[in-house]
Amino acid sequence: MPLSANNPDRKSWLHVDKNSDFPIQNIPFGVFLTRDDIITIGTRIGDTAIDLGALHQLGYFDGIALTDDIFLQDTLNDFIADGRKTWRAVRHRIAKIFDAENAALKNNVKHKEIVLFRLDEIEMQLPVQIGDYTDFYSSIEHATNVGTMFRDPDNALMPNWLHIPVGYHGRSSSIIPSEIPVHRPQGQTLPNGATEPVFGPSRLVDFELEMAFITTDANDLGEPIPVEEAEEYIFGLVLLNDWSARDIQKWEYVPLGPFLAKNFASSISPWIVTLDALEPYRVEGPKAIKPQLDYLQYKGKKSFDINLEVAIQPKGAKELVVSKSNFKYMYWNMSQQLAHHTVNGCPVNSGDMMGSGTISGSTPDSYGSMLELTWRGENPIKMKDGSERKFINDNDTVIMRGYCEKDGTRIGFGQVSTELLPVFSKK
């Protein structure tokens, strides 16, 4: 099926600002609470949210094989499980309904009142029930920076790093959508010069600039997913702030890796941008430094040119952009990550989430964490209000944004914005 929804010449009868992340060529999917306290699956064009459940009930998806309740659910899991053929058909129909040349809904005032919402009339929810969460470690620049800090430049990368997409199985219970605040975590740390650990609040709370992809039902237990088929099972992407407590992590990560340093929270943007919408922005990824095993070798362009930025906003002050990076820097791409994840027969389900790992570029202004940007706190960043940051302070808000742009068309993710609150205390 040709991707007619991506036609750069298509215009919508809904208003779309010139620099909007959500033109009619995007058509992301999300879940929101309406002004009538009803949870529905929807999409967005410009600054208008669209209730797909209501649109379906009104007959606008006639001819597409959909169950009556497919959009009347509080997660996208069942819709995602229907597979790429269904996602494409629905996305193409939405593009047709809201095309400037199509007056069917445009001229139906009654239907528009039921289907369309202003953004201030809705509350975005977590878009999927995330059964499993995996976090990779796939930026060679990030891995090199961290290895240089904690080992030495000559042994920055571990011996396995150039051979496998390193990752760990995380937790899903504390993955939250944008605008939900996070409390400063507590745990064990080993202060400099101490021989015994202490318990208390993390002093080194950090963001990690990542993206994550959402999968559909993919394979049975024991069945690997070939690297060339991997994209068939990837629904779309979100921005991911994988919060980290560096001092807790330093003490606990040997021998099994991060635990309390990571599982207190991860924040994602609420709109899932489909792989189809990102099709025009494919680019070549970094060249392999060492030969890769056959099951990780691929053909074609598997990376995507997605501009990323991170801003920090102290309470009551203006934000400062502290990092500008790009998803195309990832050494290991999504297809390789999914192929490796399943090569041992691990099953993947609808709604599973796979984090890219921190995305850093080659220049200091493109690093994807405060650990790197301030080089372990040695080079503090001055905010616009004159205060300095080595890591994230209480009541700071971390904002991540991402978008693609080519030939006058911009496809974006909106943002994931999260405030760091002080340590939790019962009122």
Side-chain angles (χ1 to χ4, degrees), residues 28-33 39 41 73-81 123-138 167-185 187 202 205-218 233-245 248-249 257-274 308 310 327 334 337-338 341 346 348-359 368-369 392 397-402 413-421 424:
F29 293 90
V31 175
F32 56 81
L33 185 69
I39 290 182
I41 289 171
Q73 303 184 37
D74 57 5
T75 74
L76 280 158
N77 292 59
D78 283 355
F79 174 64
I80 293 172
E123 182 179 317
M124 297 303 299
Q125 310 292 303
L126 198 67
V128 288
Q129 181 177 346
I130 301 167
D132 278 301
Y133 165 50
T134 297
D135 192 31
F136 286 96
Y137 188 56
S138 291
Y168 76 96
H169 185 251
R171 53 73 201 97
S172 59
S173 60
S174 54
I175 299 175
I176 53 176
S178 179
E179 308 298 335
I180 302 297
V182 168
H183 286 276
R184 180 175 293 274
S202 168
V205 175
D206 200 356
F207 64 78
E208 290 194 349
L209 172 61
E210 301 193 26
M211 299 204 70
F213 64 89
I214 309 296
T215 65
T216 186
D217 293 325
Y233 305 103
I234 298 174
F235 176 63
L237 287 85
V238 294
L239 300 169
L240 167 64
N241 180 357
D242 192 27
W243 291 93
S244 295
I248 295 174
Q249 183 176 355
F259 186 38
L260 299 189
K262 295 281 191 178
N263 70 5
F264 65 99
S266 294
S267 307
I268 66 171
S269 53
W271 294 106
I272 303 176
V273 177
T274 63
L308 300 167
V310 185
F327 189 50
M334 293 182 289
Q337 289 170 343
L338 190 55
H341 198 307
C346 174
V348 171
N349 298 312
S350 176
D352 285 355
M353 189 174 99
M354 314 276 178
S356 62
T358 305
I359 304 167
S369 66
I392 305 302
T397 296
V398 176
I399 305 163
M400 295 180 176
R401 303 182 179 97
F413 294 78
Q415 65 181 34
V416 52
S417 175
T418 316
E419 183 181 4
L420 179 66
L421 299 179
F424 176 84

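Quick note: numbers below take in every heavy atom, side chains included, and nothing from hydrogens, waters or symmetry partners. Just so it is clear, the model here is predicted, and its values are computed rather than measured.
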Exercise. Start with the C-alpha distance between Thr418 and Thr397, add both sets of side-chain angles, then the distance that settles side-chain contact (heavy atoms from CB on, under 4.5 Å), and finish with yes or no.
Key: CA-CA 5 Å; Thr418 316; Thr397 296; 5.8 Å; no
Practice problem: Taking the side chain as every heavy atom from C-beta outward, state whether Val205 and Trp243 have any pair of such atoms under 4.5 Å apart. | Solution: yes
Self-check item: Value rounded to 0.5 Å, distance of CG in Asp206 from CD in Gln249
Solution: 9.0 Å
Exercise. Identify the residue among Asp132, Ile268, Asp135, Val128 that makes a side chain to side chain contact (heavy atoms under 4.5 Å, CB included) with Met353.
Key: Ile268
Practice problem: Please determine which of Leu420, Val310, Val416, Leu209 meets the side chain to side chain contact (heavy atoms under 4.5 Å, CB included) test together with Val398. | Solution: Val310
Exercise. Using only heavy-atom distances, determine whether the side chains of Gln337 and Ser138 contain a donor-acceptor pair under 3.5 Å.
Key: yes
Quiz item: Nearest 0.5 Å, what's the CZ-CG distance between Phe327 and Leu308?
Solution: 8.5 Å
Quiz item: Does the side chain of Pro258 reach to within under 4.5 Å of the side chain of Tyr168, using non-hydrogen atoms?
Solution: yes
Practice problem: Please report the closest heavy-atom contact between Gly414 and Leu239, naming both atoms and the distance. | Solution: O-CD1, 3.9 Å
Quiz item: Between Ile130 and Leu126, which heavy-atom pair has the shortest distance, and what is it?
Solution: CD1-CD2, 4.5 Å
Practice problem: Answer yes or no: is there a side-chain heavy-atom contact under 4.5 Å between Ser267 and Val182? | Solution: yes
Quiz item: Can you list the steps and then say if Leu33 with Gln125 is a side-chain contact (heavy atoms from CB on, under 4.5 Å)?
Solution: CA-CA 7 Å; Leu33 185 69; Gln125 310 292 303; 3.8 Å; yes
Quiz item: Got more than 12 heavy atoms from elsewhere within 6.0 Å of CD, Glu419?
Solution: yes
Quiz item: Which heavy atom of Gln415 sits nearest a heavy atom of Ile399, and at what distance?
Solution: OE1-CG2, 3.5 Å
Practice problem: Consider only side-chain N and O atoms of Ser266 and Arg171, and report whether a donor and an acceptor are under 3.5 Å apart. | Solution: yes
Practice problem: Kindly determine whether His341 and Met354 satisfy side-chain contact (heavy atoms from CB on, under 4.5 Å), including the steps that lead there. | Solution: CA-CA 10 Å; His341 198 307; Met354 314 276 178; 3.5 Å; yes
Practice problem: Calculate, to the nearest 0.5 Å, the distance between atoms CD1 and CG belonging to Ile80 and Asp217 respectively. | Solution: 9.5 Å
Self-check item: Value rounded to 0.5 Å, distance of CD in Glu208 from OH in Tyr137
Solution: 9.0 Å
Quiz item: Taking the side chain from Arg184 and the backbone from Leu421, do they hold a donor-acceptor pair closer than 3.5 Å?
Solution: no
Quiz item: Ala81 and Thr216: which non-hydrogen atoms are nearest, and at how many Å?
Solution: CA-OG1, 3.4 Å
Quiz item: Phe235 vs Phe79 aromatic rings, parallel, tilted or perpendicular, using cut-offs 30° and 60°?
Solution: perpendicular
Quiz item: Is there side-chain contact between Ile359 and Met211, with at least one heavy-atom pair below 4.5 Å?
Solution: yes
Quiz item: Closest approach of Ala261 and Ile248, non-hydrogen atoms and distance?
Solution: N-CG2, 3.8 Å
Quiz item: side-chain contact (heavy atoms from CB on, under 4.5 Å) between Lys262 and Asp242: does it pass, once the steps are laid out?
Solution: CA-CA 7 Å; Lys262 295 281 191 178; Asp242 192 27; 3.8 Å; yes
Quiz item: Roughly how far, to the nearest 0.5 Å, is the OG1 atom of Thr358 from the CZ atom of Phe207?
Solution: 9.0 Å
Quiz prompt | Neighbour count >12 (heavy atoms, 6.0 Å) for atom CZ, Phe259 | solution = no
Practice problem: Would you check if Phe413 and Trp271 make a side-chain contact, meaning some heavy-atom pair closer than 4.5 Å? | Solution: no
Practice problem: Might you point out which heavy atoms bring Ser178 and Ser417 nearest each other, and give the distance in Å? | Solution: OG-N, 2.9 Å
Quiz item: Measuring from Thr215:OG1 to Ile234:CD1, what's the distance to the nearest 0.5 Å?
Solution: 8.5 Å
Quiz item: If only atom types and distance count, is the side chain of Glu210 paired as donor or acceptor with the main-chain N or O of Asn241 below 3.5 Å?
Solution: no
